[in-house]
Amino acid sequence: MNSTKSLSVEVFVVFALLMATIWLPGYWILGLIALSIIFASWRLRHDSLRQLGLLPNDFSQTKALTKFVLVSLAILVALGMMITPGFWKIPDFWLNIFRQFQKYIAWAFVQQLLLHGYFTSRLATIFEVRHRGTRAALVSASFVGIMFAILHLPNPVLTVTTLLVTPVGAYLFLKSRNIYLLTLTHAILGTAIKYLV
């Protein structure tokens with residue numbers, strides 16, 4: 001089996017194991033197997049910390065992501081006001097948001113690392129064989145968006161959100177290899193969605 005086919009099978013198996021973990025409560029061992037495959041893959045394929053996005057030297061996306069977060073927050077606040085007028089008056093509202101953000105940022109980091117450090121990187125490698133440069137990045141980013149949306153199917157709001165936002169994050173990751181900016185964006189918007197929508 002050539003390396004592209006074996007990599008494709010690996011990605012499919014990991015994705016199937018994660019789906020089974022989500023859809024079959026009590027089968028968390030499948031998630032551990034998926035994580036073991038991911039860590040083994042990183043090790044065997046000699047992925048560097050820079051490839052995983054853990055040692056970035058490109059922060060050029062900061063301005064664009066800041067604008068995206070601010071516009072997204074404005075939309076979420078408007079939706080929140082339509083759904084629950086005066087939501088900010090709920091007792092301990094701001095304290096709860098701060099606490100949720102503190103908890104969620106670690107989970108956002110894990111998700112971004114697995115999503116982009118593994119799936120986005122692997123799919124970009126697979127599609128680089130057929131396409132070059134920007135086209136490979138766009139195709140792999142689209143696939144990552146679809147996969148991440150499928151993983152969120154139990155929650156319709158998150159399914160739609162991830163389908164729209166994840167391909168952009170994947171494309172930006174392939175351009176900058178910076179997991180930290182995406183983690184911060186994910187944590188801010190994830191917390192806002194929970195408390196405003």
Give me the atom names and distance for the closest heavy-atom approach of Ser41 to Asp47. O-OD2, 4.1 Å
Using a 4.5 Å cut-off on heavy atoms from C-beta on, say whether the side chain of Val160 contacts that of His152. no
According to a hydrophobic-cluster definition based on side-chain heavy atoms being under 4.5 Å apart (Ile, Leu, Val, Met, Phe, Trp, Tyr only), do Met82 and Val157 belong together? yes
Here the gap from Ile22 atom CD1 to Leu30 atom CG, rounded to the nearest 0.5 Å, amounts to 11.5 Å
Look up atom CG in Leu32 and atom CD1 in Ile37, then write down how far apart they are to the nearest 0.5 Å. 11.5 Å
N/O donor-acceptor pair under 3.5 Å between Thr62 side chain and Phe59 backbone: yes
Are Thr66 and Thr185 close enough, and set up right, to give a side-chain contact (heavy atoms from CB on, under 4.5 Å), and what steps lead you there? CA-CA 8 Å; Thr66 301; Thr185 301; over 6 Å; no
Write down the atom of Phe87, the atom of Met81, and the distance for their closest heavy-atom approach. CE2-CG, 3.5 Å
Side-chain heavy atoms under 4.5 angstrom apart, residues restricted to Ile, Leu, Val, Met, Phe, Trp, Tyr: same cluster for Val71 and Val165? yes
Count I, L, V, M, F, W, Y as connected when their side-chain heavy atoms are under 4.5 Å apart, and connections chain through other members. Are Leu44 and Phe119 then in the same cluster? no
Would you name the heavy atoms of Asp58 and Asn178 that are closest together and state the gap between them? O-ND2, 3.1 Å
Euclidean distance, Leu7 CG relative to Leu123 CG, rounded to 0.5 Å: 8.0 Å
Is there a side-chain contact (heavy atoms from CB on, under 4.5 Å) between Trp107 and Val110? Walk through the geometry before answering. CA-CA 5 Å; Trp107 179 232; Val110 169; 3.9 Å; yes
Are the side chains of Phe148 and Leu151 in contact, using a 4.5 Å heavy-atom criterion? yes
Could you check whether atom OH of Tyr27 has more than 12 heavy atoms from other residues, nucleotides or ligands sitting under 6.0 Å from it? no
The residue among Leu182, Ile188, Leu181 that forms side-chain contact (heavy atoms from CB on, under 4.5 Å) with Leu184 is Ile188
Would you check, one step at a time, whether the test salt bridge (Lys or Arg N to Asp or Glu O under 4.0 Å) holds for Glu10 with Lys5? CA-CA 9 Å; Glu10 176 189 303; Lys5 283 185 181 177; over 6 Å; no
Got Ile179 and Leu52 here, is their nearest side-chain heavy-atom distance under 4.5 Å? no
Nearest heavy-atom pair of Arg177 and Gln51: which atoms, and what distance? NH1-O, 2.8 Å
OG1/Thr120 to CG/Leu172 distance, rounded to the nearest 0.5 angstrom? 10.5 Å
Check: Trp23 side chain, Pro154 main-chain N or O, donor-acceptor pair, under 3.5 Å: no
Check the pair Leu76, Tyr195 against side-chain contact (heavy atoms from CB on, under 4.5 Å), reporting the backbone distance first and the verdict last. CA-CA 9 Å; Leu76 290 171; Tyr195 279 96; over 6 Å; no
Checking Thr166 against Thr161 for the side-chain contact (heavy atoms from CB on, under 4.5 Å) test, could you report, in this order, the C-alpha distance in whole Å, the side-chain angles of both residues, the deciding distance, and whether it holds? CA-CA 8 Å; Thr166 302; Thr161 303; over 6 Å; no
Looking only at heavy atoms, what is the nearest atom pair of Tyr118 and Val14, with distance? OH-CG2, 3.6 Å
Would you mind reporting whether Tyr180 and Pro56 have side-chain heavy atoms less than 4.5 Å apart? yes
Do Leu153 and Leu158 have side chains that get closer than 4.5 Å, going by heavy atoms? no
Between OG of Ser176 and CG of Leu65, what distance do you get to the nearest 0.5 Å? 8.0 Å
Look at the side chain of Thr191 and the backbone N and O of Ala187, then say whether any donor-acceptor pair between them is shorter than 3.5 Å. yes
Shared hydrophobic cluster for Phe12 and Leu17 (ILVMFWY, side-chain gaps under 4.5 Å): no
Are the ring centres of Phe143 and Phe127 closer than 6.0 Å? yes
Taking the side chain as every heavy atom from C-beta outward, state whether Leu54 and Phe109 have any atom pair closer than 4.5 Å. yes
Separation between CG of Leu163 and CE of Met147, rounded to the nearest 0.5 Å: 13.5 Å
Flag yes if Leu79 and Leu70 sit in one hydrophobic cluster, no otherwise; membership is Ile, Leu, Val, Met, Phe, Trp, Tyr, and two members link when side-chain heavy atoms are under 4.5 Å apart. no
Please work out which of the three classes, parallel, tilted or perpendicular, describes the rings of His116 and Phe173, given edges at 30° and 60°. parallel
Close side-chain approach of Ser72 and Phe68, heavy atoms under 4.5 Å: yes
On a heavy-atom basis, the closest approach of Ser140 and Leu174 is OG-CD1, 3.4 Å
Atom pairs and distances, side-chain donor-acceptor, residues 89-105, under 3.5 Å, sequence neighbours left out:
residue	atom	partner	partner atom	Å
Asn96	ND2	Asp92	O	3.1
Gln100	OE1	Lys194	NZ	3.3
Tyr104	OH	His186	NE2	2.8

